[in-house]
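Note sheet for the following structure.
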There are 2 protein chains.
Amino acid sequence: MATNKLRRQTPQRAVIMEELCASKAHPTAAELFAQVRRRLPRISLGTVYRNLEVLHEDGQIRKLELAGSETRFDGTTTPHYHVRCRACGCVRDLPTPLHDKLVTMPMETGGFRIDGHRLEFHGLCPSCLGETEGVSGTAHSQH
Amino acid sequence: MATNKLRRQTPQRAVIMEELCASKAHPTAAELFAQVRRRLPRISLGTVYRNLEVLHEDGQIRKLELAGSETRFDGTTTPHYHVRCRACGCVRDLPTPLHDKLVTMPMETGGFRIDGHRLEFHGLCPSCLGETEGVSGTAHSQH
DNA sequence: GTGTTTGCAAACGTTTTGCACAGGT
DNA sequence: ACCTGTGCAAAACGTTTGCAAACAC
């Protein structure tokens, strides 16, 4: 169950971690790859994926698997929720406190033992809000 | 904005709908394809995908984009949440009422206009609960 | 007859993997 | 020296798409 693997400290891993922590945009692996490449021009996309996986295993970063899009990564490991813009797809942090009651809340679980949840919010980001003024659309939230 | 397309009633679409509604397992496109193929041996996977998309557009089915897995489909369109088993990956309905307060709840949104959310629960299903008795594991909920 | 829908196969975007070599310890 | 980590390229995976033929209307 433990992560018993011996980790080596490589420049690739260090730069990936630095660039991820320097970003607030929750980049995808490809975006991070482009960013890291500016400092390590010979790095490969596979290395980025492998290191993100390792860092996630070791609990140093968070993996955001949001509905219907590529996986994004977050250098912040403290728990918080995210909002996603319906229009441009950007992702931002929400300072909303976690709803741990969601897990402990008594409910009919069909025999499941529930021990976690994933919650993401959808909406329009400030800049897309401005551009969509007056456009009527059916906001359909998916649960 | 409207769905103005003229739909034709094809046996493929009808059987896909029937098989989806007959299942409580929230099948993936591939699983549904295997199921439908028993009745329509010449159907193709592409047709299954296309019809699922059409049925979703027309509001006849729901698309479940759960964290870190293929898209699953639900013949029930009434809103409800889902639980996913950490061990076997199976998905079941939860009769828990929706938390619409989550959307209207006052919170610091960073300028976003929030109009929807996605919530999914994680845990162990009845049969995996039995098999993992006594195994200590760190339950890590992802938010 | 018109235009949607089908089957097939190829293409797609994201992620994973096999391999030989480089490099951290 | 050992064995993890790297770069590269190919493969895997789920999904979408182009096309000509089939079929619903």
Side-chain angles (χ1 to χ4, degrees), chain A residues 2-20 26-58 60-73 84 89 91, chain B residues 2-20 25-58 60-74 84 89 91:
Chain A
T3 303
N4 287 331
K5 255 202 173 174
L6 185 51
R7 302 291 186 206
R8 288 176 182 171
Q9 181 184 322
T10 66
Q12 287 88 341
R13 187 126 72 220
V15 173
I16 288 168
M17 190 66 188
E18 281 171 32
E19 291 296 330
L20 179 55
H26 309 291
T28 62
E31 286 163 356
L32 202 47
F33 172 55
Q35 199 70 17
V36 168
R37 209 180 207 180
R38 305 204 298 217
R39 293 173 58 186
L40 301 174
R42 297 197 51 77
I43 198 172
S44 76
L45 182 56
T47 296
V48 173
Y49 271 105
R50 273 182 292 226
N51 276 300
L52 287 170
E53 187 53 39
V54 160
L55 290 167
H56 177 246
E57 266 180 32
D58 294 355
Q60 296 185 248
I61 67 174
R62 283 182 50 198
K63 221 171 169 174
L64 307 182
E65 293 170 327
L66 303 180
S69 66
E70 329 95 287
T71 300
R72 291 175 170 272
F73 298 88
R84 177 114 187 263
V91 175
Chain B
T3 303
N4 287 331
K5 254 199 173 176
L6 185 52
R7 303 291 185 204
R8 288 178 181 173
Q9 182 185 321
T10 65
Q12 287 88 341
R13 188 126 72 220
V15 172
I16 288 168
M17 190 66 188
E18 281 173 32
E19 291 297 329
L20 180 55
H26 309 289
T28 63
E31 286 164 356
L32 202 47
F33 172 54
Q35 199 70 16
V36 168
R37 209 180 208 179
R38 304 204 298 218
R39 294 173 57 186
L40 301 173
R42 295 196 52 77
I43 198 172
S44 76
L45 182 55
T47 296
V48 172
Y49 272 104
R50 272 183 293 226
N51 276 300
L52 287 170
E53 187 54 38
V54 160
L55 290 166
H56 177 245
E57 265 180 33
D58 293 356
Q60 295 185 250
I61 67 174
R62 282 183 49 199
K63 220 168 167 176
L64 307 181
E65 292 170 328
L66 303 179
S69 65
E70 327 97 287
T71 300
R72 292 175 170 272
F73 297 87
D74 191 338
R84 176 115 187 263
V91 175

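Convention: sequence-line order gives letters A, B, ...; per-chain numbering from 1.
- In this structure, CG in Leu64(B) is found 5.0 Å from CG in Asp74(B), a value given to the nearest 0.5 Å.
- For the pair Tyr49(A) and dT16(C), the criterion of a side-chain N or O lying under 4.0 Å from OP1 or OP2 is not met.
- Between the side chain of Arg84(B) and the backbone N or O of Val91(B) there is no donor-acceptor pair closer than 3.5 Å.
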Cut-off 3.5 Å, no hydrogens considered: what does the side-chain donor-acceptor table look like for residues 45-53 of chain A, sequence neighbours left out?
from	atom 1	to	atom 2	distance (Å)
Thr47(A)	OG1	Ser44(A)	OG	3.1
Asn51(A)	OD1	Arg13(A)	NH1	2.6
Asn51(A)	ND2	Thr47(A)	O	3.1
Glu53(A)	OE1	Lys63(A)	NZ	2.8

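- For residues 31-44 of chain A, proximity to DNA chain D is found at Arg42(A), Ile43(A), Ser44(A), defined as any non-hydrogen atom under 4.0 angstrom from a strand atom.
- Note that the NE2 atom of His26(B) and the OG1 atom of Thr71(B) stand 14.0 Å from one another [nearest 0.5 Å].
- In this structure, CD on Glu65(B) lies 13.0 Å from CD on Glu65(A), to the nearest 0.5 angstrom.
- The distance from the CD1 atom of Ile16(B) to the CD atom of Gln35(B) is 12.0 Å, given to the nearest 0.5 Å.
- Here the CE atom belonging to Met17(A) is positioned 10.5 Å from the CG atom belonging to Leu32(A), to the nearest 0.5 angstrom.
- Applying the side-chain contact (heavy atoms from CB on, under 4.5 Å) rule to Glu70(A) yields the partners Thr28(A); only residues at least two apart in sequence or on another chain are considered.
- Distances shorter than 4.0 Å separate some side-chain N or O of Thr71(A) from OP1 or OP2 on dT15(C).
- Between Glu70(A) atom CD and dT16(C) atom P there is a gap of 13 Å when expressed in whole angstrom units.
- Along DNA chain D, the nucleotide nearest to Gly46(B) and the one nearest to Gly46(A) differ in position, and the one closer to the 5' end is contacted by Gly46(A).
- Checked against side-chain contact (heavy atoms from CB on, under 4.5 Å), Val15(B) has the following partners two or more places apart in sequence or in another chain: Glu19(B), Val36(B), Arg39(B), Leu40(B).
- Atom-to-atom, CD of Glu53(A) to C1' of dT14(C) comes out at 14 Å; the value is rounded to the nearest Å.
- No contact: Thr28(B) has no heavy atom under 4.0 Å from any strand.
- In summary, contact between chain B and DNA chain D, defined as any nucleotide atom under 4.0 Å from a heavy atom of the protein, begins and ends at dG14(D) to dC25(D) in the 5' to 3' direction.
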Report task. At under 4.0 Å between heavy atoms, which parts of nucleotides 18-25 of chain C does protein reach? Answer with one letter per nucleotide, 5' to 3': B base, S sugar-phosphate only, - none. Result -> B----BBS
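- Within residues 12-19 of chain A, no residue has any heavy atom closer than 4.0 Å to DNA chain C.
- Considering only residues two or more places apart in sequence or on other chains, Ala25(B) meets the side-chain contact (heavy atoms from CB on, under 4.5 Å) condition with Ser23(B), Arg92(B).
- Atom CD of Glu57(B) is separated from atom C1' of dT5(C) by 14 Å (rounded to the nearest Å).
- Applying the salt bridge (charged side-chain N to carboxylate O under 4.0 Å, His left out) test to every pair with at least one member in residues 28-37 of chain B, sequence neighbours left out, gives these pairs: Glu31(B)-Arg72(B).
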